[in-house]
Amino acid sequence: MLEAIMEILRIMSWLGVVLGIIATVNLICGTIYNINDGQTFSWKKFFKGILKVVIFYISAVFVSVAFTMLPYINTMITDAFGVVLLSSELLNTLSSVAVLGIVVASVVTQAKKAFANVSKLSTMSSDVEVITWDVIEPEEDEIEEEETSI
């Protein structure tokens with residue numbers, strides 16, 4: 001059982017790396033978009049977003065460990081009481097599918113949020129004047145007006 005839990009924790013650590021990258025992109029793009037949209041930067045809101053990602057990740061790890069322990073708990077119940085609740089193969093399959101589902105759902109959920117913020121950021125327009133290399137020469141009337149005003 002300990003080996004299976006360590007394997008799940010290893011998988012979930014990679015999930016943490018992926019979620020960390022996606023969450024960083026999500027937070028940075030969302031913050032830049034909100035600041036350019038006229039909202040003021042709030043450390044409270046920023047850390048609240050980080051806390052949500054951490055809670056999301058920790059809960060995914062705990063649920064994965066719980067599903068990994070199901071076949072072993074079933075074996076302990078069978079040994080203690082002599083009653084087979086579900087077959088070990090079924091619980092092993094359920095455990096693997098549940099952990100894979102949690103990993104995929106976590107990445108997809110965070111990636112959708114990050115993609116939405118990146119797309120909002122890419123469609124954002126600015127009111128800043130564009131500087132080009134084109135030289136615009138003033139009209140002759142404007143030159144004469146400047147000379148007469150001097």
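This one's a predicted model, so the numbers in the text were calculated from it and none came from an experiment.
V53 and I58 fall into different hydrophobic clusters, defined by Ile, Leu, Val, Met, Phe, Trp and Tyr side-chain heavy atoms under 4.5 Å apart, directly or through other members. M69 and I77 end up in the same hydrophobic cluster when Ile, Leu, Val, Met, Phe, Trp and Tyr side chains are linked at under 4.5 Å. Hydrophobic cluster membership is shared by I28 and L121, with clusters built from Ile, Leu, Val, Met, Phe, Trp and Tyr side chains linked at under 4.5 angstrom. Transitive grouping of hydrophobic side chains (ILVMFWY, heavy atoms separated by less than 4.5 Å) brings V83 and Y72 into a common cluster. F56 and L9 fall within a single hydrophobic cluster, where Ile, Leu, Val, Met, Phe, Trp and Tyr are joined by side-chain heavy atoms under 4.5 Å apart, directly or via other members.
Not a single donor-acceptor pair under 3.5 Å links the side chain of Y57 to the backbone N or O of L15. Looking only at distances, a side-chain donor or acceptor of T109 sits under 3.5 Å from a matching main-chain atom of A105. Here the side chain of D37 pairs no donor or acceptor atom with the backbone of Y33 at under 3.5 angstrom. Side chain of N92 to backbone of P71: no donor-acceptor contact under 3.5 angstrom is found.
Remark: E7 CD to T68 OG1 distance equals 9.5 Å, nearest 0.5 Å. Distance NZ/K44 to OG/S42: 7.5 Å, rounded to 0.5 Å. Rounding to the nearest 0.5 angstrom, the gap separating the NZ atom in K45 from the CG atom in L27 is 11.0 Å.
Ring-plane geometry between F46 and W43 is classed as perpendicular, the angle between the planes exceeding 60 degrees on a 0 to 90 degree scale with a lower cut at 30.
Annotation: side-chain hydrogen bond (donor to acceptor under 3.5 Å, both in side chains) contacts involving residues 18-30, sequence neighbours excluded, comprise N26-N117.
The local environment of CZ in F81 is sparse, with at most 12 non-hydrogen atoms from other residues, nucleotides or ligands closer than 6.0 Å.
By the 4.5 Å heavy-atom criterion applied to side chains, V63 and F67 are counted as neighbours.
Shortest non-hydrogen contact noted between S122 and S119 is OG-O, 2.8 Å.
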